[in-house]
Amino acid sequence: MESKQFYTCKCFMTDNIFLKDYKLHVRFITEEQFRQDYEALLKRLGCVTQQQFEDIFSQETFLTPEFKDLVGCCRSRNVTLSCLSELLEEEAAPRVYRFPVFNKRFCEDLMDELEHFERSAAPKGRPNTMNNYGILLNELGFDEGFITPLRERYLNPLTSLLYPDCGGQCLDSHKAFVVKYDMNKDLDLSYHYDNAEVTLNVSLGRDFTEGNLYFGNMRQVPLCETECTEIKHKATEGLLHRGQHMHGALPISSGQRWNLIIWMRASQERNKLCPMCNRKPELLKGEGFADGFTRHL
């Protein structure tokens, strides 16, 4: 039987955007087009100030003030790690940091949209070889307008300071996905390391109990010499860590949990040595960011 190539209609990304604050479905191609089509209508619906209008486009509306303050500190001149001590909480596991990333409302709205997509008949890829349930965010068109700006504008200033020794200053690609833990599906995640130089793991929420994360040592340390540290993962908060830091997720005992995970990659580092096989990479062509390797012609 001849295989089929499935596509998504572009209109789902441009013609069916719902602005919840104004109970309005809109079409967005460019900001100029959007202003021409909707500025007058939005003013009648209560979007009367320039700030309110800009907030429709601004990524910062769903980032927490604490995260924005942290990033602002990282962008300032002569900043050092000691300057971040009041804004950044380091966990018991070495070089694992906790901070609030998204506000609660955004997390809830995102999970609602993810559940709508999950229930749809659209074709879906598996997020990775470990998780059976979840969603690849590039399949929803989230790379260009959401994850890439988040990495470049907000996470890079932070990773440059915290992880300069493992590519934190030159992260240039990513793989972003959401994983789902449920009593009738995946409960936990085995001890592993990531295909990443730096990882951000954000707990989006839903009602669940247990399911803490645990961290051991870097992957190069033998398992017999490893002691693990358990870390509670709270909704809206992110844990930032090195990708080669061994970790896992304990089973939830009730409810459902969604986590947004960004594997951030530095081709400058992985072009020298594949982080998964510890050999010089043998490259194959891939789509999008693929696995983050580059070839200079």
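The chain is numbered in sequence order, starting from 1.
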Heavy-atom donor-acceptor pair, [X] side chain to [Y] backbone, under 3.5 Å:
X: His245; Y: Gly216; result: yes
X: Glu269; Y: Ala266; result: no
X: Gln169; Y: Thr159; result: no
X: Ser76; Y: Cys73; result: yes
X: Lys175; Y: Phe289; result: no
X: Arg98; Y: Glu90; result: no

Is it true that atom [atom1] of [X] has more than 12 heavy atoms of other residues, nucleotides or ligands lying nearer than 6.0 Å?
X: Gln220; atom1: CD; answer: yes
X: Lys124; atom1: NZ; answer: yes
X: Glu230; atom1: CD; answer: yes

Single-linkage hydrophobic cluster, 4.5 Å side-chain cutoff, Leu87 and Leu158 together: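 Yes, one cluster joins them.
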Quick one: which residue pairs count as a salt bridge (charged side-chain N to carboxylate O under 4.0 Å, His left out) with a foot in residues 105-119, not counting sequence neighbours?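 For residues 105-119: Lys20-Asp109, Asp21-Arg105, Arg105-Asp109, Asp112-Arg206, Glu115-Arg206, Glu118-Lys180.
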Compute whether any side-chain donor of one residue and acceptor of the other, for [X] and [Y], lie under 3.5 angstrom apart.
X: Thr148; Y: Asp143; value: no
X: Asn103; Y: Thr236; value: no
X: Asn259; Y: Asn201; value: yes
X: Arg75; Y: Asn156; value: no

Test of ring centre spacing under 6.0 Å for [X] and [Y]:
X: Tyr181; Y: Trp258; result: no
X: His247; Y: Tyr214; result: no
X: Phe146; Y: Phe62; result: yes

With sequence neighbours excluded, tell me which residues meet salt bridge (charged side-chain N to carboxylate O under 4.0 Å, His left out) with Glu39.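 Partners of Glu39 under the salt bridge (charged side-chain N to carboxylate O under 4.0 Å, His left out) test: Arg35.
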Name all residues meeting the salt bridge (charged side-chain N to carboxylate O under 4.0 Å, His left out) criterion together with Asp291; count only those two or more places apart in sequence or in a different chain, and write none if there are none.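 Expected list: Arg265.
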Kindly give the heavy-atom pair with the smallest separation between Pro94 and Arg242, and that separation in Å.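 Minimum heavy-atom contact is O-NH2, 3.4 Å.
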